[in-house]
There are 2 protein chains.
Amino acid sequence: MRESAQVLAEVPTQLSPQELIGTLVEQGMLTDPASPRGRLLNAAARLFEQRGFARTTVRDLAAEVGILSGSIFHHFASKEQILCAVMKEVTIFASARMRSAAESAGCPQEKLRACIQSELEAIHEQAVPGFSILVMEWRSLSEESQEEVLQLREEYERIWLDAIVAAKCPGDDPALVRRLLVGALSHTYSWFEPRDRGLTIPELADRTFHIFTP
Amino acid sequence: MRESAQVLAEVPTQLSPQELIGTLVEQGMLTDPASPRGRLLNAAARLFEQRGFARTTVRDLAAEVGILSGSIFHHFASKEQILCAVMKEVTIFASARMRSAAESAGCPQEKLRACIQSELEAIHEQAVPGFSILVMEWRSLSEESQEEVLQLREEYERIWLDAIVAAKCPGDDPALVRRLLVGALSHTYSWFEPRDRGLTIPELADRTFHIFTP
DNA sequence: AACGCTACCAAGCAAGCGCTTGGTATTCAA
DNA sequence: TTGAATACCAAGCGCTTGCTTGGTAGCGTT
């Protein structure tokens, strides 16, 4: 987060993650992370990301927030509804972050680079806890839940497509470029170690950008 | 089937899938698909790919080959060992296919394009049933099993790296290009429909190739 | 004929799963 | 002071899970 400031150094209007979350909570778009439901959602995002949805039990989740397993169903109708809620809130938060990143970019090239970096930050370094769940656990959702999340995702994907079109990637097929990028970026979850001193997220974003837009 | 045979595989090029499988079975690298164990592995590959490992029960698998669930453990020690065996055989088969494709290419550019197409064929259209499991269910494997599969995968990845180096992709980082390609290609499983009249696999391979090597 | 081997069945166990039920402590507005 | 709402506990139900056990039918070899 902080290192990305090199590009937009003199723009103090950017919101911090906490401020962004606060704004979204006030607008009623996100659950207050301090509420019982919010604490459950945050813990679920962490656990589903680490262990996977199927390998996380409601007892694991309950223990994580310090309650008993049955008490979970005072807040959610089913385990699948928890996954659905996590995906929705993650999508909303990631969209706001992505829009903020895209808007503060100067030229079209810089905009696409900012999108790539924003998604990498979402996947790694806890910028958006649970983001990788969107790809990895998609098939764990019922079709109705998939539809709900898909609608929320439209804004996110529109920002991406705009950036790709403007940056004029080769191949003349922005939708294909995006689809390849989704896979390429989300798969970094399996190999990229942000703690490595070898490669930082801005550097990885830069290299990826130059491979897709030479 | 055993790991020592990996280096010794001398498979002539231009074989049909059935002939290729037959050759590998004769060399003892693959389980005979007509044997009980082979039928179980094929069924497991299909089910794990369709429903995911966690959502496939041993009863599902047994029913698929027409036996009772307990009888499975006459052939495998555990459910996880089935997944491990599937991944090993898939890797061996995909490696042989990939090498055959790479060797029959003329120029370096054509070689990389052939690799891309070979992996796309493996993911889709049942050329290598269960190939996408290698990425999607990686975390369902124990660490010891991961190590076993990883060793078998080395040959496969060496072919890829050679092709990328020779094709001179932008960015001057062949390992990164491969890692982005792994994600990009495996993610096509979630959106590409080979039955669509809109885009065939060779066309998709071509477009992907031109995005990564403009 | 007796043996050993492979492939399987029939039955079920122990553990773990998501989820339900009935009740309690606390808070806060009326 | 009462009553409704919230957040949770305690206990456990019904079911599914991976896997085990003891036994058997068929088959090729000796």
Side-chain angles (χ1 to χ4, degrees), chain A residues 25 28 30-87 133 137 139-145, chain B residues 1 25 28 30-87 133 137 139-146:
Chain A
V25 168
L30 284 190
T31 303
D32 183 358
S35 70
R37 183 189 154 99
R39 271 183 276 123
L40 270 172
L41 286 177
N42 279 333
R46 242 180 298 126
L47 290 179
F48 292 167
E49 190 158 60
Q50 281 169 19
R51 312 185 196 177
F53 177 70
R55 285 178 295 278
T56 303
T57 71
V58 293
R59 285 167 178 84
D60 293 335
L61 179 52
E64 191 79 2
V65 298
I67 60 176
L68 292 190
S69 66
S71 308
I72 285 182
F73 300 92
H74 183 70
H75 303 279
F76 295 95
S78 69
K79 188 191 173 192
E80 195 242 341
Q81 282 297 304
I82 302 176
L83 177 62
C84 180
V86 166
M87 285 192 175
I133 299 174
E137 299 295 346
R139 295 197 304 173
S140 301
L141 271 189
S142 68
E143 288 199 13
E144 305 92 70
S145 299
Chain B
M1 197 29 225
V25 169
L30 285 189
T31 303
D32 183 358
S35 70
R37 184 189 155 99
R39 271 184 276 123
L40 270 172
L41 286 176
N42 279 333
R46 242 179 299 127
L47 290 179
F48 293 167
E49 190 157 61
Q50 282 169 18
R51 314 185 195 177
F53 177 71
R55 285 179 295 278
T56 303
T57 71
V58 292
R59 284 167 178 82
D60 293 335
L61 178 52
E64 192 78 3
V65 296
I67 61 176
L68 291 189
S69 68
S71 308
I72 286 183
F73 299 92
H74 182 70
H75 303 279
F76 295 95
S78 68
K79 189 191 172 192
E80 194 244 343
Q81 281 298 306
I82 302 176
L83 178 62
C84 180
V86 166
M87 285 192 174
I133 299 174
E137 299 295 345
R139 295 198 304 171
S140 301
L141 271 190
S142 69
E143 288 199 15
E144 306 92 71
S145 298
Q146 285 186 5

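Chain naming here is simple, since letters A, B, ... match the order of the sequence lines and numbering starts at 1 in each. Quick caveat: nothing in here was measured; it's all calculated off a predicted structure.
When the nucleotides dC8(D), dG18(D), dC17(C) are ranked by their closest atom to the side chain of T57(B), dG18(D) comes out on top. Across dC19(D), dC8(D), dG18(C), the shortest atom-to-atom separation from the side chain of F73(B) is found for dC19(D). Between dC8(C), dC19(C), dA7(D), one nucleotide has an atom nearer to the side chain of H74(A) than all others, and that is dA7(D).
Computed from coordinates, the I82(B) CD1 to dC19(D) P distance equals 8 Å when rounded to whole Å. Atom pair F48(B):CZ and dG18(D):P shows a separation of 9 Å (rounding to whole Å applied). dG22(D) atom C1' lies 15 Å from atom CG of L68(B), rounded to whole Å. For H75(A) and dT6(D), the NE2 to C1' distance is 8 Å, given to the nearest whole Å. The nearest whole Å value for the distance from the CG atom in D60(A) to the P atom in dA15(C) is 18 Å. The interatomic distance linking L61(A) (CG) with dC17(C) (C1') rounds to 14 Å, in whole Å. With rounding to whole Å, R55(B) atom CZ is found 13 Å from dG18(D) atom P. Separating the CD1 atom of I67(A) from the P atom of dT26(C) is a distance of 18 Å, rounded to the nearest angstrom.
R55(A) places no side-chain N or O within donor-acceptor distance of the main-chain N or O of Q50(A), the cut-off being under 3.5 Å. With E80(B) contributing its side chain and S142(B) its backbone, the two residues share a donor-acceptor pair below 3.5 Å.
Going from atom OG1 of T57(A) over to atom CZ of R51(A) covers 7.5 Å, rounded to the nearest 0.5 Å. Interatomic distance, CD of E137(A) versus CZ of R139(A), reported as 10.0 Å (0.5 Å rounding).
Among the atoms of the strands shown, only primed sugar atoms or phosphate atoms (P, OP1, OP2) are found under 4.0 Å from some heavy atom of S78(A). When heavy atoms are screened at a 4.0 angstrom cut-off, S35(B) is found touching no nucleic acid atom at all.
Residues S71(B) and E80(A) each lie close to DNA chain C; by heavy-atom proximity, the contact nearer the 5' end of the strand is made by S71(B). Judged by closest nucleotide on DNA chain C, R39(B) is the one of R39(B) and T56(A) placed further toward the 5' end.
The base of dG16(C) lies outside donor-acceptor range of the side chain of R59(A), with no N or O pair under 3.5 Å.
For the pair M87(B) and I133(B), the tightest heavy-atom approach, listed with the atom from each and the gap, is CE-O, 3.4 Å.
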